[in-house]
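Any value given below was found using the heavy atoms of this structure, including those in side chains, with hydrogens, waters and symmetry copies removed.
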Amino acid sequence: MSNSIQVGIITVSDRASAGEYEDHGGPALRAEAEKRGWSVLAEAIVPDDLPKIQQTIRSFSDQGCGLILTTGGTGIAERDVTPEAIRGIMRVEIPGFGELMRMRSFDITPNGILSRSLAAIVETALVIALPGKPSGAVECLGFVDGAIPHSVKLAQKVPTSC
């Protein structure tokens, strides 16, 4: 499909990257992406390490991923560095994504306000940092999915009719 969005999925977790537990967030996002007709081009599990997160995002963008979804590292624990990693390499942040994800998450759980989920343009990809909990990642993706196709086109500098 020429209209299909090419997706990269990055699970950010010290324990999953060390093989201490099975990643459930990445597979949950893969299923959601495929349900939407998007093609999952690349997947990785990386530790909560700023340079490794940045390197993986750049690699996925270089491979042609127009949408990169991260799951994990968006809380307020000391090792949660996903937002800082993205901000360190982004061209522009798109605040509305994070605002909407937090607002809608707060309706589900008061702890939703603790999330530092965000979206930004890195190179030619829309990067969305989602919560680490699989259900939270899927819910937050659903909250913003309507704006994703147009954002990806803009990130990839594809002419649109809008």
Side-chain angles (χ1 to χ4, degrees), residues 1-75 77 79-91 93-94 97-98 100-102 104-105 115-156:
M1 270 191 276
S2 62
N3 238 4
S4 178
I5 294 174
Q6 302 294 310
V7 181
I9 298 171
I10 304 168
T11 299
V12 179
S13 168
D14 286 333
R15 292 184 300 146
S17 68
E20 294 173 18
Y21 79 87
E22 187 179 347
D23 171 32
H24 296 285
L29 287 175
R30 172 187 259 286
E32 284 300 307
E34 290 173 345
K35 192 166 82 173
R36 288 168 170 76
W38 303 339
S39 301
V40 178
L41 192 63
E43 294 177 271
I45 303 173
V46 301
D48 290 274
D49 178 79
L50 199 136
K52 283 189 173 50
I53 297 166
Q54 292 176 333
Q55 176 185 28
T56 306
I57 290 170
R58 285 187 164 129
S59 171
F60 283 10
S61 178
D62 291 345
Q63 291 174 51
C65 295
L67 173 62
I68 300 170
L69 305 174
T70 70
T71 177
T74 60
R79 296 281 299 160
D80 290 335
V81 296
T82 302
E84 289 76 16
I86 294 168
R87 285 188 175 112
I89 58 173
M90 71 182 185
R91 181 173 60 80
E93 186 169 348
I94 311 169
F97 279 79
L100 182 62
M101 289 188 282
R102 271 183 294 284
R104 297 281 305 272
S105 294
S115 172
R116 297 184 307 128
S117 293
L118 62 87
I121 304 299
V122 176
E123 297 181 2
T124 57
L126 170 65
V127 180
I128 304 176
L130 300 163
K133 185 176 177 185
S135 61
V138 168
E139 288 165 353
C140 284
L141 181 63
F143 300 153
V144 299
D145 66 350
I148 289 174
H150 186 65
S151 300
V152 169
K153 284 180 185 172
L154 290 174
Q156 295 187 318

| message | What verdict does the side-chain contact (heavy atoms from CB on, under 4.5 Å) test give for Ile148 and Phe97, after you've listed the backbone C-alpha separation in whole Å, the side-chain angles of each residue and the deciding distance to 0.1 Å? | response | CA-CA 10 Å; Ile148 289 174; Phe97 279 79; 4.2 Å; yes

| remark: Rounding to 0.5 Å, atoms CZ (Arg30) and CG (Asp23) come to a distance of 11.5 Å

| task | Look at the side chain of Thr71 and the backbone N and O of Gly26, then say whether any donor-acceptor pair between them is shorter than 3.5 Å. | result | no

| Could you state the interatomic distance from CZ (Arg102) to CZ (Arg116), rounded to the nearest 0.5 Å? | 9.5 Å

| field | Nearest atoms (heavy-atom pairs only) where Ala129 meets Met101 | value | O-CE, 4.2 Å

| Where Gly73 and Asp48 come nearest, the two heavy atoms and their spacing | CA-OD1, 3.8 Å

| task | Go through Arg104 and Val144 one step at a time and tell me if the side-chain contact (heavy atoms from CB on, under 4.5 Å) criterion holds. | result | CA-CA 10 Å; Arg104 297 281 305 272; Val144 299; over 6 Å; no

| said: side-chain contact (heavy atoms from CB on, under 4.5 Å), that's the test. Do Leu118 and Arg87 meet it? Break it down for me. | reply: CA-CA 9 Å; Leu118 62 87; Arg87 285 188 175 112; 3.6 Å; yes

| request: Could you tell me whether a side-chain N or O of Glu43 sits under 3.5 Å from a main-chain N or O of Ile9, the two making a donor and an acceptor? | output: no

| Spatial distance of atom CD1 (Ile86) from atom CD1 (Ile128) [nearest 0.5 Å] | 9.5 Å

| task | Would you check if the side chain of Ser4 reaches a backbone N or O of Gly37 as a donor-acceptor pair within less than 3.5 Å? | result | yes

| field | Salt-bridge contact Glu32-Lys35 (side-chain N to carboxylate O under 4.0 Å) | value | yes

| task | Taking all heavy atoms of Pro47 and all of Asp14, pick out the closest pair and write down the distance. | result | CB-OD1, 3.4 Å

| query | Should Gln63 and Ser59 be marked as a side-chain hydrogen bond (donor to acceptor under 3.5 Å, both in side chains) after you check the CA-CA gap, both sets of side-chain angles, and the distance that decides it? | reply | CA-CA 6 Å; Gln63 291 174 51; Ser59 171; 3.0 Å; yes

| Reported NZ-to-CD1 distance for the pair Lys52 and Ile45, which is rounded to 0.5 angstrom | 14.5 Å

| request: Could you tell me which residues satisfy side-chain contact (heavy atoms from CB on, under 4.5 Å) with Arg58, sequence neighbours excluded, listed by chain and number? | output: Ile89, Glu123

| query | In Å and rounded to the nearest 0.5 Å, what is the SG to CD1 distance from Cys65 to Ile57? | reply | 11.0 Å

| note | Note: Ala33 and Val40 closest approach over all heavy atoms is CB-CG2, 4.0 Å

| field | Distance-minimising heavy-atom pair for Pro131 and Ser117 | value | CD-OG, 3.6 Å

| request: Check step by step if side-chain contact (heavy atoms from CB on, under 4.5 Å) holds for Val122 and Ile68. | output: CA-CA 9 Å; Val122 176; Ile68 300 170; over 6 Å; no

| So which heavy atom on Gly66 is nearest to which on Gln156, and how close? | CA-NE2, 3.2 Å

| query | In Å and rounded to the nearest 0.5 Å, what is the CG to CD1 distance from Leu126 to Ile94? | reply | 5.0 Å

| remark: Residue pairs passing the side-chain hydrogen bond (donor to acceptor under 3.5 Å, both in side chains) test with at least one member in residues 137-148, sequence neighbours excluded, are Arg36-Asp145

